[in-house]
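Take a look at the structure set out below.
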Amino acid sequence: MNRAVYEDRPPGSVVPTSAAEASRAMAGDTSLSENYAFAGMYHVFDQHVDEAVPRVRFANDDRHRLACCSLDGSISLCQLVPAPPTVLRVLRGHTRGVSDFAWSLSNDILVSTSLDATMRIWASDDGRCIREIPDPDGAELLCCTFQPVNNNLTVVGNAKHNVHVMNISTGKKVKGGSSKLTGRVLALSFDAPGRLLWAGDDRGSVFSFLFDMATGKLTKAKRLVVHEGSPVTSISARSWVSREARDPSLLINTCLNKLLLYRVVDNEGTLQLKRSFPIEQSSHPVRSIFCPLMSFRQGACVVTGSEDMCVHFFDVERAAKAAVNKLQGHSAPVLDVSFNCDESLLASSDASGMVIVWRREQK
């Protein structure tokens with residue numbers, strides 16, 4: 001039973017149209033472009049200036065709690081309301097840059113990975129470091145993600161080409177939970193049920209793994225070479241792209257000056273290219289996301305950073321002129337983006353250490 005079960009209907013089929021039309025009538029007939037119009041900057045955090053902020057993330061199901069990690073070796077926990085927005089605490093302990101971090105489902109802990117070859121578990125309420133876990137290979141740790149159903153398990157990727165499933169309660173590697181890729185592991189993403197894991201490396205490959213929910217064991221399933229030698233810097237999975245169609249999809253950044261959208265075509269994570277969108281990315285670890293809310297309106301939106309110092313919005317279902325919006329304000333390549341749970345605020349981070357929080361126009 002170690003398989004993601006996808007309904008047996010062709011990708012992109014309508015589910016159910018009449019309900020979606022009714023929902024759209026309730027929401028009004030605004031376009032996706034109007035829906036993703038922004039009123040401007042809400043706040044700028046500059047506590048990490050001079051070192052890149054590779055990851056920024058709102059807490060799960062939260063409007064006003066935000067965290068970001070920096071290559072200066074620290075992680076900031078920020079509160080946006082009440083005004084003025086403040087840095088609640090700075091988590092220090094890593095001796096080199098923090099490459100990635102993730103909130104647990106309940107937001108009570110964070111896990112971080114660092115170039116110092118350790119991962120750390122932090123209590124979000126008081127900033128205490130609960131545990132420090134060395135990488136099993138003694139290698140730089142480059143990315144991490146929680147198993148979405150069992151937050152006791154975290155998957156990490158390292159510079160020695162390995163993916164490891166780690167038990168954060170014991171601090172041990174899970175038996176059978178390791179696998180080797182073709183390069184440095186830069187990106188990880190589970191599907192929503194947590195039965196499929198994708199991992200991307202700096203040689204241009206994306207691997208899918210079947211994840212055994214009972215044991216944490218990984219079974220390598222499929223490999224896709226996106227482009228030989230072009231690092232895969234971001235992977236995001238989504239089961240439903242819009243309310244109209246169940247269309248399991250993967251959003252991938254790679255250093256090809258394109259944002260790529262793939263369709264997941266089977267239970268083993270096989271990928272088929274669906275769309276590509278022009279951005280500037282040739283060398284920086286740029287990330288992208290699916291917008292968290294499935295709109296009542298036509299279309300579905302994704303957001304990405306870019307080396308042109310802008311945040312770009314694309315409608316993945318629009319055949320032509322997919323660009324929906326572009327936010328300008330950064331003075332360095334934009335590395336990561338994150339929406340809060342109701343999409344009222346968007347955060348973006350850049351290679352110079354600046355984090356901008358943007359406020360969406362209220363309709």
Determine yes or no for a side-chain-to-main-chain donor-acceptor pair under 3.5 angstrom, with [X] supplying the side chain and [Y] the backbone.
| X | Y | result |
| --- | --- | --- |
| Ser124 | Asp108 | yes |
| Asp202 | Arg184 | yes |
| Ser99 | Leu141 | yes |
| Asp336 | Arg287 | no |
| Glu228 | Gly204 | no |
| Tyr42 | Ile356 | no |
| Arg131 | Arg120 | no |
| Asn340 | Arg63 | yes |
| Glu307 | Ser283 | yes |
| Trp198 | Gly269 | yes |

How about [X] and [Y]: does a side-chain donor come under 3.5 Å of a side-chain acceptor?
| X | Y | answer |
| --- | --- | --- |
| His161 | Thr182 | no |
| Asn253 | Ser288 | yes |
| Ser230 | Thr254 | no |
| Asn325 | His312 | no |
| Asn152 | Ser169 | yes |
| Thr86 | Gln79 | no |
| Ser306 | Gln281 | no |
| Arg238 | Ser249 | no |
| Asn60 | Asp62 | no |

Ion pair [X]/[Y], N-O distance below 4.0 Å:
| X | Y | result |
| --- | --- | --- |
| Glu140 | Lys160 | no |
| Asp116 | Arg96 | no |
| Asp201 | Arg203 | no |

Can you see which heavy atom on [X] is nearest to which on [Y], and at what distance?
| X | Y | value |
| --- | --- | --- |
| Val165 | Gly216 | CG2-O, 3.6 Å |
| Val226 | Tyr262 | CG1-OH, 3.6 Å |
| Leu66 | Ala347 | CD1-CB, 3.8 Å |
| Pro85 | Phe45 | CB-CZ, 3.9 Å |
| Phe314 | Pro278 | CZ-O, 3.4 Å |
| Leu77 | Ala67 | CD2-CB, 3.6 Å |

Could you go step by step and tell me if Phe146 and Val155 meet the side-chain contact (heavy atoms from CB on, under 4.5 Å) rule? CA-CA 6 Å; Phe146 276 103; Val155 184; over 6 Å; no
Flag the pair [X] / [Y] as yes when at least one side-chain heavy-atom distance between them is below 4.5 Å, and no otherwise.
| X | Y | result |
| --- | --- | --- |
| Trp358 | Met41 | yes |
| Asn151 | Ser104 | yes |
| Val264 | Gln272 | no |
| His48 | Asp46 | no |
| Ile279 | Asn257 | no |
| Ile133 | Thr118 | no |
| Val206 | Val232 | yes |

Can you measure from [atom1] ([X]) to [atom2] ([Y]) and round to the nearest 0.5 angstrom?
| X | Y | atom1 | atom2 | value |
| --- | --- | --- | --- | --- |
| Ile252 | His227 | CD1 | NE2 | 14.0 Å |
| Asp308 | His330 | CG | NE2 | 11.0 Å |
| Leu346 | Leu327 | CG | CG | 6.5 Å |
| Glu280 | Cys310 | CD | SG | 8.5 Å |
| Phe290 | Leu250 | CZ | CG | 7.0 Å |
| His164 | Ser178 | NE2 | OG | 4.5 Å |

If the plane angle is over 60° it's perpendicular, under 30° parallel, otherwise tilted; pick one for Phe339 and Tyr36. tilted
Start with the C-alpha distance between Leu80 and Val357, add both sets of side-chain angles, then the distance that settles side-chain contact (heavy atoms from CB on, under 4.5 Å), and finish with yes or no. CA-CA 9 Å; Leu80 302 180; Val357 181; 4.0 Å; yes
Check the pair Leu142 / Asp100 against side-chain contact (heavy atoms from CB on, under 4.5 Å), numbers first and verdict last. CA-CA 7 Å; Leu142 306 174; Asp100 198 4; over 6 Å; no
Near Lys175 NZ, under 6.0 Å, is it more than 12 heavy atoms from other residues, nucleotides or ligands? no
Can you confirm if the NZ or CZ of Lys220 lies within 45° of the ring axis of Phe207 and under 6.0 Å from the centre of its six-membered ring? yes
Before giving the answer on side-chain hydrogen bond (donor to acceptor under 3.5 Å, both in side chains), spell out for Ser236 and Ser189 the whole-Å C-alpha distance, their side-chain angles and the decisive distance to 0.1 Å. CA-CA 6 Å; Ser236 297; Ser189 182; 5.7 Å; no
Working note: Val156 + Met166, criterion side-chain contact (heavy atoms from CB on, under 4.5 Å); need CA distance, chi angles, decisive distance, verdict. CA-CA 7 Å; Val156 298; Met166 306 295 294; 4.0 Å; yes
Quick check on side-chain contact (heavy atoms from CB on, under 4.5 Å): which of His94, Arg55, Arg57 does Cys69 satisfy it with? Arg55
